[in-house]
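Just so we're clear, the structure is a prediction, and the values are computed from it rather than from any experiment.
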Amino acid sequence: MSTDYTAIGRAVADTRKSNNLTQLQVCAELEHVVGMSQGRLSRLERGEWLPTAGQFEHLLKALKCTESQARSLRELACQASERVANVER
């Protein structure tokens, strides 16, 4: 079963671009985080993958998010996680 994470993916990509960062720059900040790579970031931005909560918090730091951006992205990630939980029931 495939899950659509388009909203969070688009928001992550928009945040990255508005903060003038490339995927490579973000990934350089995430090299210490297990499971995070440029391929995974690309899949996230395309709405094909959702990181764990811990990975997501590292991603927010790598994206150099403002508090407002981080709050908005966390809300979208929670919504995506809730949809997955509801589908799995």
Side-chain angles (χ1 to χ4, degrees):
M1 173 186 70
S2 175
T3 304
D4 184 3
Y5 302 118
T6 303
I8 184 65
R10 186 176 301 122
V12 167
D14 289 347
T15 300
R16 177 180 57 76
K17 292 171 188 174
S18 73
N19 292 346
N20 297 310
L21 296 167
T22 66
Q23 284 186 349
L24 288 176
Q25 289 171 315
V26 172
C27 289
E29 295 290 323
L30 294 171
E31 66 185 4
H32 68 284
V33 180
V34 174
M36 290 298 295
S37 64
Q38 185 185 7
R40 285 271 174 97
L41 179 57
S42 180
R43 287 184 60 214
L44 169 60
E45 290 186 359
R46 289 192 314 266
E48 299 172 358
W49 177 75
L50 190 65
T52 66
Q55 290 168 328
F56 196 76
E57 288 302 313
H58 285 285
L59 176 61
L60 294 177
K61 289 177 187 168
L63 289 170
K64 302 182 185 336
C65 289
T66 64
E67 282 300 316
S68 176
Q69 288 172 326
R71 189 172 28 258
S72 177
L73 290 173
R74 283 186 189 107
E75 179 63 30
L76 287 170
C78 285
Q79 290 171 5
S81 293
E82 287 171 4
R83 280 194 307 273
V84 170
N86 289 335
V87 167
E88 291 177 350
R89 285 186 207 167

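With contacts defined as side-chain heavy-atom distances shorter than 4.5 Å, the pair L60/F56 qualifies. The shortest distance between side-chain heavy atoms of E48 and Y5 does not fall below 4.5 Å. By the 4.5 Å heavy-atom criterion applied to side chains, C27 and M36 are not counted as neighbours. Counting heavy atoms from C-beta outward, L44 and L59 have side chains that approach closer than 4.5 Å.
When atom types are taken as modelled, the side chain of S72 and the backbone of S68 share no donor-acceptor pair closer than 3.5 angstrom. Remark: side-chain polar atoms of T15 are paired, donor with acceptor, to backbone N or O of A11 under 3.5 angstrom.
Separation of atoms CZ (R16) and CG (D14) is listed at 9.5 Å; rounding is to 0.5 Å. Within the model, atoms CG of L41 and CZ of R46 stand 10.0 Å from one another, a figure rounded to the nearest 0.5 Å. In this structure, SG on C78 lies 11.0 Å from CG on L73, to the nearest 0.5 angstrom. Taking CZ from R40 and CG from L30, the interatomic distance works out to 12.5 Å, rounded to the nearest 0.5 Å. The OG atom of S37 lies 9.0 Å from the CZ atom of R43; values are rounded to the nearest 0.5 Å. Atoms CD and CZ, from Q69 and R74 in turn, are 11.5 Å apart once rounded to the nearest 0.5 Å.
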Checklist entry - Does the salt bridge (Lys or Arg N to Asp or Glu O under 4.0 Å) test come out yes or no for R10 and E45, once each step is laid out? => result CA-CA 6 Å; R10 186 176 301 122; E45 290 186 359; over 6 Å; no

Next on the checklist: Does Q25 form a side chain to side chain donor-acceptor pair (under 3.5 Å) with E29? I'd like the steps, not just the answer.
Outcome noted: CA-CA 7 Å; Q25 289 171 315; E29 295 290 323; over 6 Å; no

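Nearest approach of V33 to Q55, heavy atoms of both residues: CG1-CG, 4.0 Å. Nearest heavy atom pair, residue L21 against residue A62, reads CD1-O, 3.6 Å.
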